[in-house]
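All remarks here apply to the structure that follows.
Just so it is clear, the structure is predicted and the values come from calculations on it, not from any experiment. Chain identifiers are assigned alphabetically (A, B, ...) following the order of the sequence lines, protein sequences preceding nucleic acid strands; residue numbering begins at 1 within each chain.
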Amino acid sequence: QSVLTQPPSASGTPGQRVTISCSGSSFNIGSNYVYWYQQLPGAAPKPLIYRDDQRPSGVPDRFSGSKSGTSASLAISGLRSEDEGDYYCAAWDDSLRGYVFGTGTKVTVL
Amino acid sequence: EVQVVESGGGWVQPGGSLRLSCAAPDFTFSSYSLTWVRQAPGKGLEWLSYISSSSTTRYYTNSVKGRFTISRDNAKNSLYLQMNSLRAEDTAVYYCVRDRDSSGYYDYWGQGTLVTVSS
């Protein structure tokens, strides 16, 4: 059972904005960086956001991350069909002395 | 493009052992911390273990402590995961991952190797 909670699903039509939340605690999100990973069908995960709100080279600026207190969010603007997949938040947990992934959110483009 | 390639997966009976390997010939291997992450069929990602660049620091998730051992050989650009006392719930795809900044920025992932624990 993950200590980072995400909604199981999110959806939108092409061009819409979708937001995914990630709820944690003072031991993880509240005191450490948040990361976001995208896993497209049949593929390995890839990083989307690092250190709360930074985009790796090559990631479109349609993807953005934010954090406030013990929660974080990933926003996808201008939703595209190729964005369909699973999205995971992650952070180091000081209490567990380990890295934790969120429960994952499946994004569907209607 | 950095290549990370896992091997060693397969079928094993409950209680058995397997040793996973990860080769990463395309970057300065000894400069980076590395991690194993797994994903059970149809499930989410689960962080398993971390090893620092010089092997001085290692962490494990509770479910594998005492059963799995992470190690690396920087001279061979290789990472390992020795898995003992395997259980059905260890069935998963196992990913070898580079930790770019030693704080959880997992920038390169292998394609994974499947481990099936079944009688």
Side-chain angles (χ1 to χ4, degrees), chain A residues 1-9 20 22 24 27-29 31-59 65 67 72 85-107, chain B residues 1-7 9 20 22 24 32-52 57-68 70 81 89 92-114:
Chain A
Q1 186 175 352
S2 177
V3 297
L4 300 182
T5 303
Q6 300 177 233
S9 63
I20 300 169
C22 175
F27 295 113
N28 39 68
I29 294 177
S31 54
N32 296 293
Y33 288 123
V34 175
Y35 301 83
W36 289 91
Y37 298 90
Q38 176 193 59
Q39 187 175 31
L40 300 178
K46 64 169 255 188
L48 269 187
I49 297 291
Y50 68 98
R51 296 196 174 193
D52 296 343
D53 57 10
Q54 302 298 301
R55 270 188 313 276
S57 173
V59 173
K67 186 174 86 173
D86 297 318
Y87 293 77
Y88 297 90
C89 60
W92 183 262
D93 189 288
D94 293 330
S95 174
L96 296 174
R97 289 171 62 83
Y99 197 73
V100 288
F101 286 98
T103 48
T105 298
K106 184 175 187 62
V107 169
Chain B
E1 179 76 11
V2 170
Q3 294 291 318
V4 177
V5 182
E6 304 92 342
S7 61
L20 305 184
C22 171
Y32 294 91
S33 300
L34 299 165
T35 289
W36 287 99
V37 174
R38 72 182 177 186
Q39 186 169 34
K43 302 296 184 182
L45 301 174
E46 180 184 18
W47 177 87
L48 291 182
S49 183
Y50 161 99
I51 187 167
S52 61
T57 302
R58 309 180 200 209
Y59 296 113
Y60 298 91
T61 192
N62 286 339
S63 63
V64 307
K65 274 181 190 173
R67 300 190 299 125
F68 291 10
I70 192 171
L81 186 67
E89 53 265 36
V93 173
Y94 286 70
Y95 295 102
C96 167
V97 188
R98 188 178 85 167
D99 187 339
R100 184 184 179 99
D101 61 1
S102 298
S103 66
Y105 177 12
Y106 296 159
D107 62 346
Y108 286 105
W109 298 61
Q111 282 306 300
T113 185
L114 176 63

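A side-chain donor-acceptor contact under 3.5 Å links Tyr99(A) to the backbone of Gly104(B).
Taking the six-membered ring where tryptophan is involved, the planes of Phe101(A) and Tyr106(B) are tilted, since the angle between them lies from 30° to 60°. Using the six-membered ring where Trp is involved, Tyr105(B) and Tyr35(A) have ring planes that are parallel, under 30° apart on the 30 and 60° scheme.
Heavy atoms of other residues, nucleotides or ligands lying less than 6.0 angstrom from CZ of Arg55(A) number more than 12. At most 12 heavy atoms of other shown residues, nucleotides or ligands fall within 6.0 angstrom of atom OH in Tyr33(A).
For the options Pro45(A), Gly102(A), Gly104(A), heavy-atom pairs under 4.5 Å to chain B are most numerous at Pro45(A). With chain B as partner, the option from Ala43(A), Pro47(A), Gly98(A) having the largest number of non-hydrogen pairs under 4.5 angstrom is Pro47(A).
Of the atoms belonging to Gln39(B), it is side-chain heavy atoms, and not backbone ones, that fall under 4.5 Å from chain A. With a 4.5 Å cut-off on non-hydrogen atoms, Ser103(B) touches chain A through its backbone and its side chain both. Looking at Val93(B), there are no atoms closer than 4.5 Å to chain A (heavy atoms on both sides), in backbone or side chain.
A distance of 8.5 Å separates OH of Tyr37(A) from CG of Asp107(B), quoted to the nearest 0.5 Å. The structure places OH of Tyr95(B) at 5.0 Å from CD of Gln39(A), a figure rounded to the nearest 0.5 Å. Note: Arg51(A) CZ to Asp101(B) CG = 4.5 Å, rounded to the nearest 0.5 Å.
Shortest non-hydrogen contact noted between Ala44(A) and Gly110(B) is CB-O, 3.3 Å. The minimum heavy-atom distance between Arg97(A) and Tyr59(B), with the atom names listed, is NH2-CE2, 3.4 Å.
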